Amino acid sequence: MIPASFDYRRAHDLDEATRWLGELGPEAKVLAGGHSLIPLMRLRLAQPSALVDIGRVPGLDTIRVDGDRLRIGALVRHAALARSEVVRRALPLLAEMAAEVGDQQVRARGTLGGVIAHADPAGDYPTLALMLDAEIVTTHGSHPARDFFQHLFTTPLQPDEVIREVTFPVAAGPHRYIKFRRRRCDWAIVGAAVQQSDGGWRLGLTNCGPTPMRARAAEAALAEGRTMAEAALQAAEGLTPPSDLRASSDYRRHLARVLTRRALEQAAA
Amino acid sequence: MAERVRLTINGVAREDLVEPRTLLVHYIREVAGLTGTHVGCDTSQCGACTVLVDGDAVKSCTAFAVQADGATITTIEGLARDGELHPLQQAFWDEHGLQCGYCTPGFIMASVKLLADTPEPSDDEIRIGLEGNLCRCTGYVNILKAVRTASRRMTEAGGAPTGGAAAGSAAARTAG
């Protein structure tokens with residue numbers, strides 16, 4: 001379907017983008033890679049009055065390590081994350097996630113900042129951001145990931161606020177992300193991510209609630225010295241995943257336990 | 001309000017006024033008149049609308065024409081040279097990599113990018129490289145063969161490396 005009409009402005013820098021978004025009001029949206037927004041606009045589930053295109057803003061496509069943080073510009077595309085030697089060394093789990101987002105064409109256009117701002121609980125990067133205590137740096141300040149994913153598609157971003165970069169801790173230890181899906185380029189019905197960091201395990205779950213989730217009971221069990229299989233049994237504790245056409249809530253809880261165990265065992269192998 | 005778009009499609013520079021909501025695929029088909037790029041699903045899944053934008057394979061149903069301002073675009077019509085089909089076009093023909101043909105332009109454009117990145121892909125690399133394209137006729141087997149054949153011909157034409165490793169990998173591909 002053809003999207004509803006909107007005004008279009010291409011920003012030269014983020015100051016201009018922020019100023020325009022302020023003038024245009026809350027019905028205006030930011031356009032970057034467009035791979036979350038344009039599909040919604042085509043279905044007319046989203047009908048923004050205006051789009052402020054930040055796709056050409058210079059300086060937002062950089063990847064660098066700064067001390068113990070990996071800093072990634074908001075416009076870095078999936079394909080660039082997947083092939084970046086810097087990401088592969090500093091946070092290989094992120095590169096591996098990026099290589100399995102969508103398909104070749106999607107990875108050529110979709111951006112890290114777009115996925116984070118969209119805050120879809122089926123997105124992969126929000127899970128990693130939450131479990132590793134990423135920071136979302138914006139034109140207005142900085143948000144810890146634990147305060148950022150508030151609900152389905154809901155973040156504290158103000159209408160005139162734009163993500164500049166996302167910073168992750170450097171973590172190159174054992175890790176694994178497993179998506180359970182019906183075909184390769186589909187969204188995860190459930191995804192389980194594990195990363196060993198500072199001696200402890202961080203466990204994240206995709207599509208197990210209105211936001212990304214941490215399997216905290218299982219993390220605690222591992223910290224107490226329980227086996228991976230024992231700890232993974234607690235991966236769904238406290239979760240009430242949604243039921244939909246693909247999976248019931250109970251089945252998602254089952255998948256959370258099984259995938260967490262597999263991810264831990266494969267990471268440790 | 002209409003926006004001015006300047007871009008190059010298949011080597012031809014164009015300048016047009018478009019509504020911001022015009023999807024790139026509609027611009028290519030209806031403004032530039034290049035109807036070889038198809039609309040299959042309208043939900044970013046099927047890949048029939050795949051074109052090259054500055055060398056990247058992109059689903060042109062999931063971009064606005066205004067985002068392509070300044071870009072260099074290649075569509076299926078831009079592949080043949082002097083009446084001679086591109087090796088991928090020829091290989092899809094020779095290997096029967098199509099039946100109804102609707103998805104073929106998208107498969108070929110995605111394959112152009114795949115072979116640009118990975119001139120001698122394994123079967124798995126071909127399958128993964130083409131995961132963003134759907135075909136409802138062929139069962140994919142002959143599409144895989146076509147990409148393998150094009151890869152072999154392009155590598156040979158481009159002065160294939162000689163020696164055991166290259167010969168071995170060519171033999172493995174043929175046997176596969």
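None of these values were measured; they are calculated from a predicted model.
When the shell of 6.0 Å around CG of Leu17(B) is examined, it contains more than 12 heavy atoms from other residues, nucleotides or ligands.
Between the side chain of Arg56(A) and the main chain of Gln67(B), a donor-acceptor pair closer than 3.5 Å is present. For the pair Arg10(A) (side chain) and Val66(B) (backbone), a donor-acceptor distance under 3.5 Å is present.
Side-chain contact, Arg42(A) with Ser44(B): a donor N or O sits under 3.5 Å from an acceptor N or O.
Heavy atoms of Leu31(A) lying under 4.5 Å from chain B belong exclusively to its side chain. Within the 4.5 angstrom heavy-atom criterion, only backbone atoms of Ala4(A) (N, CA, C, O) approach chain B.
Here the NE2-NZ distance, from His35(A) to Lys59(B), works out to 7.5 Å after rounding to the nearest 0.5 Å.
Asn133(B) has its side chain within reach of Gln105(A): a pair of non-hydrogen atoms, C-beta onward, lies under 4.5 Å apart. In this structure, the side chains of Ile2(A) and Arg21(B) come closer than 4.5 Å at one or more pairs of heavy atoms.
By a heavy-atom distance cut of under 4.5 Å, Gly102(A), Asp103(A) are the residues of residues 91-103 of chain A near chain B, going up by number.
Between Glu3(B) and Arg9(A) there is no salt bridge, since no side-chain nitrogen of the basic residue lies less than 4.0 Å from a carboxylate oxygen of the acidic one.
Of all the listed residues (Ala79(A), Pro39(A), Ser5(A)), the one sharing the greatest number of non-hydrogen pairs under 4.5 Å with chain B is Ser5(A). Ranked by heavy-atom pairs shorter than 4.5 Å toward chain A, the options Gly47(B), Cys61(B), Gly70(B) are led by Cys61(B).
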Between side-chain atoms of residues 108-116 of chain B and protein atoms elsewhere (two or more places apart, or another chain), which donor-acceptor pairs fall under 3.5 Å?
residue   : atom : partner   : partner atom : Å
Ser111(B) : OG   : Phe107(B) : O            : 2.7
Lys113(B) : NZ   : Asp56(B)  : OD1          : 3.4
Lys113(B) : NZ   : Asp117(B) : OD1          : 3.2
Lys113(B) : NZ   : Asp117(B) : OD2          : 3.4

